[in-house]
Protein chains: 2
Amino acid sequence: MSQGVIELETSLGYLLKETSSALRTAMEAVLRPLGMTMTHYSCLELLAQRPGLSNSELARGAFVTRQSMNVLLQTLEREGDVTRPAEARVGKVLPTQLTPAGRRRLEEASAAVRSVEVRMLRDLAPEEQTAARSILRSMIANLRAHEEA
Amino acid sequence: MSQGVIELETSLGYLLKETSSALRTAMEAVLRPLGMTMTHYSCLELLAQRPGLSNSELARGAFVTRQSMNVLLQTLEREGDVTRPAEARVGKVLPTQLTPAGRRRLEEASAAVRSVEVRMLRDLAPEEQTAARSILRSMIANLRAHEEA
DNA sequence: CACCGTATGTCAGACTACTGACATGAGTCA
DNA sequence: TGACTCATGTCAGTAGTCTGACATACGGTG
């Protein structure tokens, strides 16, 4: 089975890609009217839940490189959604904070994102959602297990 | 629950994004030595299973726009992995075919991709994999349900 | 037949994220 | 103290994908 040809219809890798593609499309569709991208939103959401996160920490949380997050933060800073100190108090880490304006923009976006997530899970029983979490966490752990080798 | 603040740790949307990020990273890591990208591979795999697919059909199967697939096909054609007729026999559709060289490249890549998928599912019992397929298909259907509205 | 909606292939420009590279600061250890 | 390792912030260049736009071809319907 796992040795044979990959069957697209049943391959979990393919199905996972299809799901994330559909999710991404749906998210972008509701965020576009707000002038936001998915990474954009992820960054603000992370800052709301854990104020003072640094550039690198935000990058890890949003699953992009710290270089990508850096240019995003520069944009967000220019638009007045976040603030960063000009100089680091310790080391090179620049803790980022949400501005009131940024918090307002986040609330709009958060409602939109939430509606997509609710729609995605409409048909799923609570037990199925629990199972899904468990399965996805297992996949993540397995995928990352090989990295340190 | 679904009304409150999104908890990153338990949000299935976030978990899904994390999983696809990990999968993508792992895939790119094994494909890079072969000089291939994920979409690259998807295209060849689709052509192996369903020869004669058109540009637009390949794009849908690989979850990119037909514009993106078009530039990829031009590259693949230049490198001698696929062939397309210069003119359409009917309509504008140009059926694409894998060359022997493309088939060889695909076999290398396929083995690499398969190994990642096997690793990802290492800890998952067959029933869990079946459940995962069912859950992901449900998510996809729900996400797409709203598009035609 | 003419018309309209849909699908396709393609070109061009813009955007996003990535890799590579560098300098700087913190922590560890001999 | 000095050397080494690691993490961070940032700049620059590159690659992949996207949106916008256009011409063309098919299919149905008036």
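Because the structure is a prediction, the values reported are computed rather than measured. Order of the sequence lines fixes the chain letters, A, B, ..., with proteins taken first and strands second; residue numbering starts at 1 for each chain.
- Summarising the geometry, the separation between CG on A:Leu72 and P on D:dT10 is reported as 13 Å, rounded to the nearest angstrom.
- Closest non-hydrogen pair, A:Ala109 versus A:Tyr41, comes out as CB-CD1, 3.9 Å.
- Look at A:Arg137 and B:Glu18 and you find no salt bridge, because none of the NZ, NE, NH1 or NH2 atoms lies under 4.0 Å from a carboxylate O.
- With rounding to whole Å, B:His40 atom NE2 is found 13 Å from D:dA15 atom C1'.
- Comparing A:Met38 and B:Leu94 along DNA chain C, the residue whose closest nucleotide (by nearest heavy atom) sits nearer the 5' end is B:Leu94.
- When the P atom of C:dT8 is taken as reference, atom CE of B:Met69 falls 13 Å away, rounded to whole Å.
- The shortest non-hydrogen separation linking B:Asn55 to B:Asn70 is OD1-N, 3.4 Å.
- In terms of polar N and O atoms assigned as donor or acceptor, the side chain of A:Gln67 comes within less than 3.5 Å of the base of C:dG20 in a complementary pairing.
- A salt bridge between B:Arg105 and B:Glu79 is present, with a side-chain N of the basic residue lying under 4.0 Å from a carboxylate O of the acidic one.
- Each of A:Arg32 and A:Glu57 lies near DNA chain D, and the nucleotide nearest A:Glu57 is the one positioned closer to the 5' end.
- In terms of polar N and O atoms assigned as donor or acceptor, the side chain of B:Gln74 never comes within less than 3.5 Å of the base of C:dG9 in a complementary pairing.
- Regarding contacts with the backbone of D:dT10, a side-chain N or O of A:Asn70 is found under 4.0 angstrom from either OP1 or OP2.
- Among the protein residues, B:Thr37 comes within range of no part of the nucleic acid, since none of its heavy atoms lies under 4.0 Å from any strand.
- Heavy-atom distances to DNA chain C give each of B:Ser54 and A:Phe63 a nearest nucleotide, and the one nearer the 5′ end belongs to B:Ser54.
- To the nearest angstrom, C1' of C:dA7 lies 12 Å from CG of B:Asn55.
- In this structure, the CG atom of B:Leu31 is 17 Å from the P atom of C:dC18, given to the nearest Å.
- By the 6.0 Å contact criterion, CZ on B:Arg24 is open, its count of non-hydrogen atoms from other residues, nucleotides or ligands being 12 or less.
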Please produce a list of atom pairs where a protein N or O lies less than 3.5 Å from an N or O of nucleotides 4-6 of chain C.
none

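- The nearest pair of heavy atoms linking A:Arg66 to A:Ala59 is CA-CB, 3.5 Å.
- Projected onto DNA chain D by closest heavy-atom contact, B:Val64 and A:Val93 fall at different nucleotides, the more 5' of which corresponds to A:Val93.
- Atom NZ in A:Lys92 sits about 6 Å away from atom C1' in D:dT8, given to the nearest Å.
- Atom CG in A:Leu58 sits roughly 12 Å away from atom P in D:dT10 (whole-Å rounding).
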